[in-house]
Each structure stands twice: as C-alpha cells, then as structure tokens.
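Read the numbers this way: they start at 1 and go in the same order the structure lists the ligands and their atoms.
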Amino acid sequence: MPMRTQTRLLVIGEARYRDAIARALPWCAPVGVDHPLAGIWQMGHQHFDAAVMSLSAASGVLRALRSMRQLAPQTRLVVTCPASDEPNARQALERGADDYVIEPVTQEDLERALDLVPEPVMAFESPAPEPTLEEKVQFIDVIKNLSDGPQATLERMASLIQRTFEASSVTITIDELSSQVGLADEPVLQEPIRSQNATVGAITLGRRLHGTYSATAAARLTDYARLVEAVVTVARERAHWQDLAWTDDLSRLRNRRYFERRLDELIEQCAQQRLYLTLLLLDIDDFKTYNDRFGHETGDALIREVAFLLTRCCREQDVVARYGGDEFAVLLWDAEKPRVPGSRHPTDPMAFAERFLHVVSTHQFRCLGPEAPGPVTLSGGLASFPWDGRTREELLHAADEALLTAKRSGKNRIQLAGQPTVAPTRPETPTPPAAA
Ligand code: GH3
Ligand code: MG
C-alpha cells in the first residue's frame with residue numbers, strides 16, 4: 001500500500017481524461033498514454049504501483065485488462081466509468097481490475113480505489129473523521145424518535161449507517177433484536193457491539209457501493225457500535241417506563257390513558273381505510289356488594305379474574321383496558337373488511353359482547369369460592385364508528401349512555417347505542433349478593 005506522493009501511476013485515456021485524473025490527484029505526476037495497447041507496452045517496460053483507465057474514454061480496455069494483470073500482477077488496476085456503464089465495470093473486476101470508480105471521479109474515491117495511504121501515515125491508529133452535517137441531522141432524528149421503541153430505533157440506525165458508509169447492505173444484531181437494510185451480500189466490514197465487556201451483537205456491512213472502504217472506516221464503525229448500544233439501551237428503558245405508564249397495576253390490563261390514545265389512533269386509521277371500529281364499555285353489576293360482603297381484597301381479585309377472562313376472549317388486535325373501578329373498555333376493529341356504502345352497524349361485536357357476558361356468568365370465580373352468591377354479571381354499552389360518533393368524545397359518550405340504559409333496564413345485558421332497549425342476555429335476573 002504505497003503513500004500517495006510516492007505512487008507511480010499510469011493513466012490510460014485521451015488527454016481530457018488524463019487532465020481530469022491529474023486534477024483529482026494534484027500531488028501525483030502520472031505517466032499518461034492514450035490507448036490501452038500503449039498502456040500494456042508501458043507496463044512491460046517499467047514498474048507502476050497503479051494504473052487508472054476509463055472504460056468509455058478508450059476502447060478495448062476490457063480486453064487489455066487480462067494482459068495487464070498477467071504482465072504486472074502487483075499493480076493495482078482501477079477502471080472508471082459513468083454510472084450507466086456500471087455493469088461493464090463489474091465485468092472489468094472479473095477480468096482482473098481491483099476496483100472501479102464512478103465518473104466524474106473525486107479525489108476521495110480515487111484514493112480509496114487506488115488503496116493509497118494518506119500522509120502523514122497513521123502508524124498506530126486511524127481516528128474516525130468528524131461526522132458530517134447530514135449524519136448529525138439523521139442522528140438527531142433517531143434521538144427524537146426513541147419513543148417508537150428499540151426495534152424502530154435499530155432500523156433507523158441501520159439506515160443511517162448504510163447512508164454514511166455507502167454500504168450495499170447493513171445488518172445489526174443486538175441481543176434479541178435485529179435489523180437489515182439493503183440486500184445482504186458478502187460481509188466486508190464487521191464490528192462487534194459490546195456492553196459491559198460482553199459481546200452482545202454486531203454491525204455487518206456489505207460491499208461499499210462505489211469503491212472500497214477507507215482506512216478510517218473501521219474506526220468509524222467502532223464509534224457507531226458504541227452509539228447503537230447506547231441508543232438501543234435508552235430506547236429499551238423508555239419502552240419499559242412507557243409500558244408501566246400505560247398499564248393498570250391491579251388488572252395488568254392497559255389503562256384508561258392508553259385506551260384513549262389508541263382510540264384516537266384507531267378512529268383515524270379506520271376513517272382513512274373505512275374499517276369497522278366498535279367501542280364496548282362493560283361494568284360489573286352490583287360490584288359494591290361483593291366488596292361489602294367479601295372484603296376489598298376479594299373485590300380486587302374479582303376485577304383481576306374478569307380482566308383475565310376478557311383478555312382470553314379477545315383477539316390480539318383488540319384493545320382491552322380497565323377503564324376505572326369495575327369498568328372495562330374494549331376496542332374491537334376489523335383490520336380487513338372495509339365498510340361499503342350503505343352498510344349498517346356490525347353485528348359481530350354484539351355477538352362477542354353477549355358471548356363474553358355468558359362466559360363470565362357461567363365462570364366459577366376462584367376468588368369467591370363455594371360461597372359465591374350466584375353468577376357474576378356485567379352490563380355493557382356498544383357504540384360503533386362512524387354511526388354513533390366520529391370522535392373519541394362522541395363514541396365514549398354514546399357507549400356510556402348505552403351502558404346507563406343497560407343498567408337502568410335491569411342489568412346483565414348489552415345495549416346498542418341509539419337503539420331500543422334489548423332483552424336481558426340471561427333470561428333470569430341474577431340475585432346480587434346480600435351485603436354482610
Ligand atoms: P352497578 O351495578 O350500578 O354498576 O353497581 P355497582 O355496585 O357496581 O356500582 P358502581 O359500579 O358505581 O361502583 C363501583 C364500585 O367499585 C365503587 C368502588 O367502591 C369500587 N371500586 C372501585 N375501584 C375499586 C378497586 O380497585 N378495588 C375494589 N375492590 N373496589 C373498587
Ligand atoms: Mg358496577
């Protein structure tokens with residue numbers, strides 16, 4: 001790997017091309033010839049560290065490459081070409097070229113392709129260069145969006161690294177997470193990710209899109225490995241605290257704050273994609289009497305058991321929350337079936353709600369034991385978007401009104417918003433437990 005001022009360079013191409021190379025490498029006094037055959041002749045008569053030739057500036061370069069390689073196995077052969085001619089440049093690699101550079105050539109690309117050591121020589125280590133403004137802007141974007149979670153953070157870091165290193169692909173693994181951008185090819189550069197002296201993952205770069213990686217790239221990648229570890233750790237911590245802030249301590253369901261946020265998001269999504277969305281509010285009938293008869297702790301356990309049954313009955317995509325006290329809220333939505341013009345209230349949520357009331361009323365509650373005074377029942381109010389409301393407030397109000405109607409008309413039933421009172425889910429009205 002020669003130092004740049006000592007490099008013996010041969011440039012093959014017409015005068016304008018030779019001038020362009022001389023301008024890109026101002027410290028160099030290359031030998032110039034205008035035809036590949038003249039280049040072969042020169043290489044047979046004197047030693048060159050490297051030769052640069054344009055695929056378009058001189059014909060016959062591809063054919064000449066094999067002879068040059070045989071004649072001077074140690075000489076670094078670099079071809080240049082416009083971006084549109086890149087497939088030919090790849091052929092040149094097969095015929096003996098070491099690298100190619102896209103025209104118009106720059107000093108940085110040429111020096112990298114020629115594998116030259118800049119002066120003064122860094123004998124011990126190559127410090128990473130200062131980040132560019134673009135890198136800083138992209139990194140700020142990563143920091144601003146840490147709340148999207150560790151996986152999204154990792155994906156943003158992979159894109160940032162791909163752009164910075166101009167890599168064909170970047171794969172990052174860290175503990176159980178992994179992210180890949182670009183089509184994975186042969187790994188060219190790899191850097192372990194460490195945390196507290198243990199290796200927890202790696203950053204792997206595919207080939208550099210234009211030319212080869214510079215001598216400082218490895219040092220830069222070490223910095224990025226530290227950054228990835230740091231930002232993923234912070235994103236994980238944030239996700240943990242966020243999860244706690246959105247979880248109800250008693251039932252381990254999502255809490256009201258989370259529910260209302262998701263309701264806003266789903267209203268927007270369902271409006272855009274014309275999807276079904278139904279809000280179900282449920283309230284345990286005569287819950288106070290369980291507290292009074294069995295004590296507050298048993299009341300807590302009853303809430304937990306109802307929450308467990310509710311989660312078990314819902315699909316993964318449904319949003320289930322403890323809305324407060326003995327009240328639960330569920331968002332049922334259909335990710336696939338768009339509403340069609342003139343469609344009516346969906347019937348599935350009503351069937352689901354009634355099925356759930358049946359599950360609870362036939363369940364043997366462990367917390368109540370053999371002294372259970374009778375079936376535990378709930379009442380519910382159902383409101384569907386967009387028929388009963390187009391905003392969070394309107395939908396919650398409609399479902400709440402329906403719940404009130406269900407309570408007033410005998411409990412243990414589901415009431416559809418804006419509909420006449422329906423018959424009870426169970427024919428007989430359950431006897432609430434008598435207060436102690
Ligand atoms: P209704 O059929 O009309 O709903 O009657 P209810 O007795 O269930 O009355 P309501 O829903 O208005 O009362 C809920 C009660 O739940 C009031 C409160 O004392 C009790 N409660 C609220 N939060 C908790 C809790 O976290 N644990 C326990 N054990 N009780 C709670
Ligand atoms: Mg109640």
Side-chain angles (χ1 to χ4, degrees), residues 243-260 279-311 313-314 319-331 349-350 352-383 395-417 419 421-436:
D243 189 58
L244 281 185
W246 279 339
T247 304
D248 171 54
D249 283 344
L250 175 66
S251 65
R252 308 309 299 165
L253 294 181
R254 288 302 189 193
N255 59 20
R256 182 176 185 147
R257 201 176 316 134
Y258 175 85
F259 184 84
E260 293 186 346
L279 164 60
L280 169 63
L281 284 184
L282 290 162
D283 185 290
I284 302 175
D285 293 332
D286 306 306
F287 181 69
K288 269 202 271 310
T289 54
Y290 291 99
N291 266 344
D292 294 345
R293 176 165 173 182
F294 295 93
H296 207 267
E297 277 187 18
T298 303
D300 283 356
L302 182 57
I303 290 172
R304 270 196 293 269
E305 235 171 306
V306 171
F308 170 75
L309 293 176
L310 190 53
T311 314
C313 288
C314 288
V319 184
V320 184
R322 181 175 174 219
Y323 203 62
D326 62 342
E327 202 172 343
F328 301 88
V330 185
L331 285 176
M350 188 68 177
F352 161 80
E354 288 183 335
R355 206 167 51 244
F356 177 64
L357 258 55
H358 177 72
V359 165
V360 175
S361 67
T362 53
H363 179 71
Q364 297 278 323
F365 277 83
R366 275 191 314 167
C367 60
L368 300 178
E371 287 176 49
V376 173
T377 65
L378 292 104
S379 299
L382 262 180
L395 272 179
L396 279 167
H397 179 73
D400 207 36
E401 285 288 307
L403 173 59
L404 209 63
T405 307
K407 289 281 187 191
R408 281 190 187 136
S409 48
K411 308 188 183 182
N412 187 27
R413 69 192 63 205
I414 301 294
Q415 176 67 41
L416 215 57
Q419 301 285 310
T421 311
V422 291
T425 302
R426 284 165 51 82
E428 76 279 19
T429 308
T431 330

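- Scanning the protein for heavy atoms near atom 16 (O) of ligand 1, the closest one is F287 CD2, 3.1 Å.
- Note that CG of D300 is 15.0 Å distant from OH of Y290, once rounded to the nearest 0.5 Å.
- Checked by distance only, ligand 1 and K411 come closer than 3.5 Å through their nitrogen or oxygen atoms.
- Heavy atoms of K407 found under 4.0 angstrom from ligand 1 belong exclusively to the side chain.
- Closest to atom 22 (C) of ligand 1 among all protein heavy atoms lies G325 CA, 3.5 Å.
- Shortest contact from atom 7 (O) of ligand 1 to any protein heavy atom: K288 N, 2.9 Å.
- At a 3.5 angstrom cut-off on N or O pairs, I303 does not count as close to ligand 1.
- R322 NH2, 3.9 Å is the protein heavy atom nearest to atom 24 (C) of ligand 1.
- The N, O or S atom of D283 lying closest to the Mg ion (ligand 2) is OD1.
- A donor atom on one side chain and an acceptor atom on the other are not found under 3.5 Å apart for T247 and R252.
- Residue D248 holds its CG atom at 10.0 Å from CZ of R304, rounded to the nearest 0.5 Å.
- Angle OD2(D326) to the Mg ion (ligand 2) to O(I284): 90° [nearest 10 degrees].
- Heavy atoms of N291 found under 4.0 angstrom from ligand 1 belong exclusively to the side chain.
- Under a cutoff of 6.0 Å and an axis angle of 45°, R254 and F259 do not form a cation-pi pair.
- Contacts between R408 and ligand 1, counted as non-hydrogen atom pairs separated by less than 4.0 Å, are absent for every part of the residue.
- Using bins of under 30°, 30° to 60° and over 60° for the plane-to-plane angle, the ring pair F365/H363 lands in the perpendicular bin.
- Nearest protein neighbour of atom 5 (O) of ligand 1, counting heavy atoms only, is D286 N, 3.6 Å.
- In the candidate list D326, D249, N412, L250, D326 is nearest to atom 11 (O) of ligand 1, counting heavy atoms.
- Listed by number with element, the atoms of ligand 1 under 4.0 Å from a non-hydrogen atom of G299 are 29 (N).
- Contacts between T289 and ligand 1, counted as non-hydrogen atom pairs separated by less than 4.0 Å, are absent for every part of the residue.
- In this structure, a donor-acceptor pair under 3.5 Å is absent between the side chains of D283 and S379.
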